[in-house]
J.: 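The structure follows.
Numbered from 1 within each chain, the chains take letters A, B, ... in sequence-line order.
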Protein chains: 2
Amino acid sequence: MVVMATRDVDTLKYERVLHVLRSRIQDGTYPAGGILPSQHRLVAEFDVSRPTVIEALRLLRQEGLIETQTGRGSFVRGKAPVLAAQSANPGRRLLDVSEVDSSADLLQAGLVVAPTRVAVLLELPPGTKVFLRQYLIRDEDGPVELVSAWFPLELVTGTKLASPEPLDEGIRRHLYGRKRLRLDYAVERTLSRSAVLDEASSLGIDPGAPVLNVVVTGHDAQGKAWQLVDAVLPGDRHELRNVYPLTQ
Amino acid sequence: MVVMATRDVDTLKYERVLHVLRSRIQDGTYPAGGILPSQHRLVAEFDVSRPTVIEALRLLRQEGLIETQTGRGSFVRGKAPVLAAQSANPGRRLLDVSEVDSSADLLQAGLVVAPTRVAVLLELPPGTKVFLRQYLIRDEDGPVELVSAWFPLELVTGTKLASPEPLDEGIRRHLYGRKRLRLDYAVERTLSRSAVLDEASSLGIDPGAPVLNVVVTGHDAQGKAWQLVDAVLPGDRHELRNVYPLTQ
DNA sequence: CAAGAGAACCTGTCCTGTCAAGTTTGGCTA
DNA sequence: TAGCCAAACTTGACAGGACAGGTTCTCTTG
């Protein structure tokens, strides 16, 4: 019966409610452990329908900012967990390294015979040649991470992967743009092992020192692995940290 | 006294739709890459309203089983990633160890002076005594994981934590039942280091061998840490694995 | 024959309502 | 005073509809 107001993408109603509520949680208007106004009150305040309020609350819940109990209300949780999905999967970042924004030195970019572990994970016959891009990431204290990205040869033709220059966009984006390759899921393996010689010299640690090794493979919808990224971190100086809400 | 009208989960309409669609995806009725019937058709088939269908599809999307594009439809994704939340946080399991269901031997349960790292993470003065429960988890090949759970003393009084017998329920559940303590979020740290002597002898590895160390702290809504669980895994024989969907 | 207009689908957003079920509170009763 | 109970809250699950805007296919037109 009523003509809607202009509905811009930026002015989605549940987005507006979500944004205001999130701000109030973060600035302490609704303190940790405190209760939010009831859905009914929020409907009145924002002049939207209850489903819209419910949608905003659902998203806050998904972000881990609130917790709601039937018959009681929604309560502010203790800590704002930063984008759980992001930090929970350190390897996602690896699959998408854009080499420009971090202080990374390209160590090598070229063809090599695949080491056994790489061949196995990429499902290639032993001894197959693959393309390797390897770089070293530093922070103010020196080298902190040795990253190796491995690709099957068929993926390299027609892309800039073989170029010795840094890519100006993320690897995944580049592959989609050039080859219409769309990665569907990732498998991430975390293990502890001793540094081999060249790792030790690159990272400036003792050979044999314990390192944290994160190995991520990117797969298409059919399950084929197209990309393998291997990150080596000095074990005693760096740790992976992850904060997430505990739901009952 | 009250008649519990058991509105079990199976009678919820969106649960029914969800379950049927999930089955069809898993048995290949809707193959990977294929398209699902439109919301309109699902409304007709299941005789529910569109919001109900939308809710089921939202959950499938959240599980990583489908992906939907505006104006086109919902498509089946490549691989069913098993409960990403669970596998992404190996430490969540640790906070909730129920010592009965796994083959775990209780090594010790008693008061000890907190090691520096433990005192720091539990925000206690150095030298404070804390309670330690330590056990060893085995599989068919022998010991695979050395787990230490540390608690501030104030938490132990009035609970069964001090008892040398295995708990018959999860630790978190036990703490909530006895002390109304409700953990709100967890911080998980993963690092690689060398095994110390007693770890090595418990796990049957060489002293100094690389081990994977997962340290999880459980915090209440105010940010106070109440529980610290430390798992040590032999680095060369075990890896943490995690599968998750790659959303664009 | 190629390009463009439009119809027919599709999902996303948002509305007004309805009923069920859990929680809290205050007043009444034994 | 202690305990029960009903009213008044709360959230949860649905229905059925409306419109906006993206995508695809077909049919008409230059």
J.: What distance separates A:His40 NE2 from A:Arg50 CZ, expressed to the nearest 0.5 Å?
T.: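 One finds 9.5 Å between NE2 of A:His40 and CZ of A:Arg50.
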
J.: Supply the atom-to-atom distance B:Glu45 CD to B:Leu21 CG, rounded to the nearest 0.5 angstrom.
T.: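 With rounding to 0.5 Å, CD (B:Glu45) is 7.5 Å from CG (B:Leu21).
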
J.: Please work out if B:Glu55 contacts a base, only the sugar-phosphate, or nothing of the nucleic acid, heavy-atom cut-off 4.0 Å.
T.: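 Touches nothing.
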
J.: Tell me whether the count of non-hydrogen atoms from other residues, nucleotides or ligands lying under 6.0 Å of CG in A:Asp47 goes above 12.
T.: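 No.
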
J.: Does the side chain of A:Gln39 get closer than 4.0 angstrom to OP1 or OP2 of D:dG12 through an N or O atom?
T.: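 Checking A:Gln39 against D:dG12: at least one side-chain N or O falls below 4.0 Å of OP1 or OP2.
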
J.: What's the spacing between B:Glu63 CD and B:Arg58 CZ if we round to 0.5 Å?
T.: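 Answer for the CD-CZ pair, B:Glu63 versus B:Arg58, is 13.0 Å.
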
J.: Taking only side-chain N and O atoms of A:Thr70, does any of them lie within less than 4.0 angstrom of OP1 or OP2 on D:dT10?
T.: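 No.
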
J.: With pairs taken as Watson-Crick or G-U wobble and both distances under 3.5 angstrom, which stems of at least three consecutive pairs involve DNA chain C?
T.: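 For DNA chain C the paired stretches long enough to count as stems (3 pairs minimum) are C:1-30 with D:1-30.
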
J.: B:Leu18 has an atom CG; how far is it from atom P of D:dA13, in whole Å?
T.: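 To the nearest whole Å, that distance equals 12 Å.
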
J.: Kindly say if B:Thr68 contacts the phosphate of C:dG12, meaning a side-chain N or O under 4.0 Å from OP1 or OP2.
T.: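 For B:Thr68, the contact criterion (side-chain N or O under 4.0 Å from OP1 or OP2 of C:dG12) is met.
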
J.: In this structure, how many angstroms lie between the P atom of C:dG12 and the NE2 atom of B:His40, rounded?
T.: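 Between P of C:dG12 and NE2 of B:His40: 16 Å.
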
J.: Would you kindly give the CZ-to-C1' distance between B:Arg50 and C:dT13, to the nearest whole Å?
T.: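 Going from B:Arg50 (CZ) to C:dT13 (C1'), I get 9 Å.
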
J.: Mind calculating the distance between CG (A:Leu57) and C1' (D:dG12) to the nearest angstrom?
T.: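 In whole Å, D:dG12 C1' and A:Leu57 CG are 12 Å from each other.
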
J.: Can a side chain N or O of B:Thr52 be found less than 4.0 Å away from OP1 or OP2 on D:dA15?
T.: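 Yes, within the criterion.
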
J.: Working to the nearest 0.5 Å, report the span between CG of B:Leu18 and CG of B:Leu59.
T.: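 The distance works out to 5.5 Å.
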
J.: Rounded to the nearest Å, what distance is computed from the CG atom of residue B:Leu60 to the C1' atom of nucleotide C:dT11?
T.: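 Taking CG of B:Leu60 and C1' of C:dT11, I get 15 Å after rounding.
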
J.: Tell me whether A:Arg133 contacts the main-chain N or O of A:Val147 through its side chain, where contact means a donor paired with an acceptor under 3.5 Å.
T.: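 Absent.
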
J.: Do any side-chain nitrogens or oxygens of A:Tyr14 fall under 4.0 Å of OP1 or OP2 in C:dT13?
T.: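 It does, given that an N or O in the side chain of A:Tyr14 lies less than 4.0 Å from OP1 or OP2 of C:dT13.
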
J.: Closest nucleotide of DNA chain C for A:Val53 versus for B:Ser38: which of these residues is on the 5' side?
T.: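 On the 5' side of the pair lies B:Ser38.
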
J.: Give the nucleotide from the list D:dG12, D:dC14, C:dT13 with an atom nearest to the side chain of B:Ser49.
T.: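 That would be D:dC14.
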
J.: When the nearest nucleotide of DNA chain D is assigned to B:Gly71 and to A:Pro51 on a heavy-atom basis, which residue is associated with the more 5' position?
T.: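 With B:Gly71 and A:Pro51 compared, the 5'-side residue is A:Pro51.
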
J.: Rounded to whole Å, please give me the gap between CD1 in B:Ile54 and P in C:dC10.
T.: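 Atom-to-atom, B:Ile54 to C:dC10, this comes out as 13 Å.
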
J.: Rounded to whole angstroms, how far apart are CD on A:Glu67 and P on D:dG12?
T.: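 Whole-Å distance recorded here is 12 Å.
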
J.: For D:dT24, does OP1 or OP2 lie under 4.0 Å from any side-chain N or O of B:Arg72?
T.: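 It does, given that an N or O in the side chain of B:Arg72 lies less than 4.0 Å from OP1 or OP2 of D:dT24.
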
J.: With a 3.5 Å cut-off and just heavy-atom distances, do the side chain of A:Arg58 and the base of D:dG12 make a donor-acceptor pair?
T.: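 Side chain to base: no pair below 3.5 Å.
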
J.: How many angstroms lie between CG in A:Asp230 and CZ in A:Arg189, if you round to the nearest 0.5 Å?
T.: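 One gets 11.5 Å once the value is rounded to the nearest 0.5 Å.
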
J.: How many whole angstroms separate atom CD1 of B:Ile66 from atom C1' of C:dT11?
T.: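 The distance from CD1 of B:Ile66 to C1' of C:dT11 comes to 12 Å, rounded to the nearest Å.
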
J.: Is there a donor-acceptor pair under 3.5 Å between the side chain of B:Arg77 and the backbone N or O of B:Arg61?
T.: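 Such a contact is absent between B:Arg77 side chain and B:Arg61 backbone.
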
J.: With respect to the side chain of A:Arg61, which nucleotide from D:dA15, D:dA13, D:dG12 is positioned closest?
T.: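 Ranking D:dA15, D:dA13, D:dG12 by closest atom to the A:Arg61 side chain puts D:dG12 first.
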
